[in-house]
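Quick caveat: nothing in here was measured; it's all calculated off a predicted structure. Quick note on labels: first sequence line is chain A, next is B, and so on, each numbered from 1.
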Amino acid sequence: MTFRKKVLKVVSKIPKGSTMTYAQVAAKAGNKKAARAVGSIVSANYDPAIPCHRVVRSDGGMGGYNRGVKKKMALLRAEGVDVERYKIQTRI
DNA sequence: CATTTGACGCCAA
DNA sequence: TTTGGCGCCAAAT
C-alpha cells in the first residue's frame, strides 16, 4: 500500500458534512509531515469517489480544488459545512 | 539520479 | 493579524 493509496482511502472515508485538514489526512496515512504531498496527490485525482473537497487547510482555508475553489466551497456548504469567505467557520 | 514544483504547516517578526 | 522564511514529502521533468 503506497502512501498515495492510503491518502486516497483516508479521504474517501471522510464523512459527509465533515472536513479534514491536509495534515490530518497525512497523519492518518502514516506521515504527519506529508501534508504538502497530500495536496499533490489529491490534486491529481479526478475520481468523484474521492471527496477531496472535504480536505481543507489547517487554518480553515479552502486550499485548492481541481474544479475550482468556488465549486469546493459550494459543495462544502451544500453538505452542511459552515464555510464563508473561503474559510471554514469551526468555532463560534 | 538530480532538480523543480505544488490543493501544506509551523514559527518568527 | 498578516507576511516571509524554512521544512517536509511525493510526483513530474
Side-chain angles (χ1 to χ4, degrees):
Chain A
M1 183 65 83
T2 63
F3 182 73
R4 174 170 55 72
K5 282 279 193 173
K6 290 182 187 175
V7 170
L8 295 175
K9 186 165 283 192
V10 171
V11 173
S12 65
K13 288 173 188 284
I14 301 177
K16 174 171 172 272
S18 191
T19 58
M20 254 184 135
T21 68
Y22 293 95
Q24 282 286 77
V25 175
K28 200 148 191 179
N31 281 319
K32 183 163 61 176
K33 308 181 213 165
R36 203 168 193 175
V38 172
S40 296
I41 293 165
V42 297
S43 66
N45 175 76
Y46 285 80
D47 190 328
I50 311 296
C52 40
H53 63 272
R54 292 180 192 156
V55 185
V56 296
R57 295 174 37 156
S58 294
D59 61 312
M62 292 294 101
Y65 195 54
N66 46 28
R67 288 175 179 79
V69 184
K70 198 136 184 210
K71 187 74 175 178
K72 180 172 183 175
M73 180 175 68
L75 287 167
L76 291 174
R77 291 184 67 183
E79 294 184 353
V81 180
D82 187 12
V83 49
E84 291 181 22
R85 294 188 322 201
Y86 303 94
K87 290 272 194 176
I88 305 295
Q89 313 296 358
T90 47
R91 48 190 106 151
I92 211 163

Would you mind reading off the distance between [X] atom [atom1] and [N] atom [atom2], rounded to a whole angstrom?
X     : N      : atom1 : atom2 : value
A:R57 : B:dC10 : CZ    : C1'   : 12 Å
A:D59 : B:dC11 : CG    : C1'   : 14 Å
A:K32 : B:dC8  : NZ    : C1'   : 15 Å
A:N45 : B:dA7  : CG    : C1'   : 12 Å
A:N31 : B:dG9  : CG    : C1'   : 14 Å
A:R67 : B:dA7  : CZ    : P     : 15 Å
A:M62 : B:dA7  : CE    : C1'   : 11 Å
A:K87 : C:dT1  : NZ    : C1'   : 11 Å

Assess whether salt bridge (charged side-chain N to carboxylate O under 4.0 Å, His left out) is satisfied between A:R77 and A:D82, documenting all intermediate values. CA-CA 6 Å; A:R77 291 184 67 183; A:D82 187 12; over 6 Å; no
With both distances under 3.5 angstrom, what nucleotide forms a Watson-Crick or G-U wobble pair with C:dA11? B:dT4
Under a 3.5 Å cut-off for both distances, is B:dC10 Watson-Crick or wobble paired, and to whom? C:dG5
What pair of heavy atoms forms the shortest contact from A:V42 to A:C52, and how long is it? CB-CB, 4.1 Å
Select base, sugar-phosphate, or nothing to describe what A:S58 touches, counting heavy atoms under 4.0 Å on all strands. sugar-phosphate
Which part of the nucleic acid does A:Y22 contact within heavy-atom distance under 4.0 Å: base, sugar-phosphate only, or nothing? base
Heteroatom pairs (N/O) under 3.5 angstrom, protein to nucleotides 6-8 of chain C:
residue: C:dG7; atom: O6; partner: A:R36; partner atom: NH1; Å: 2.7
residue: C:dC8; atom: N3; partner: A:R36; partner atom: NH1; Å: 3.2
residue: C:dC8; atom: N4; partner: A:R36; partner atom: NH1; Å: 2.9

Mind checking the NZ-CE spacing from A:K70 to A:M62? Nearest 0.5 Å is all I need. 13.0 Å
Nearest-nucleotide comparison on DNA chain B, the residue closer to the 5′ end among A:S40 and A:T21: A:S40
Counting just side-chain N and O atoms, does A:N66 come under 4.0 Å of either OP1 or OP2 of B:dA7? no
Given A:H53, which of A:K71, A:E79, A:R67, A:K72 fulfils the side-chain hydrogen bond (donor to acceptor under 3.5 Å, both in side chains) condition? A:E79
Between A:I88 and A:L76, is any pair of side-chain heavy atoms under 4.5 Å apart? yes
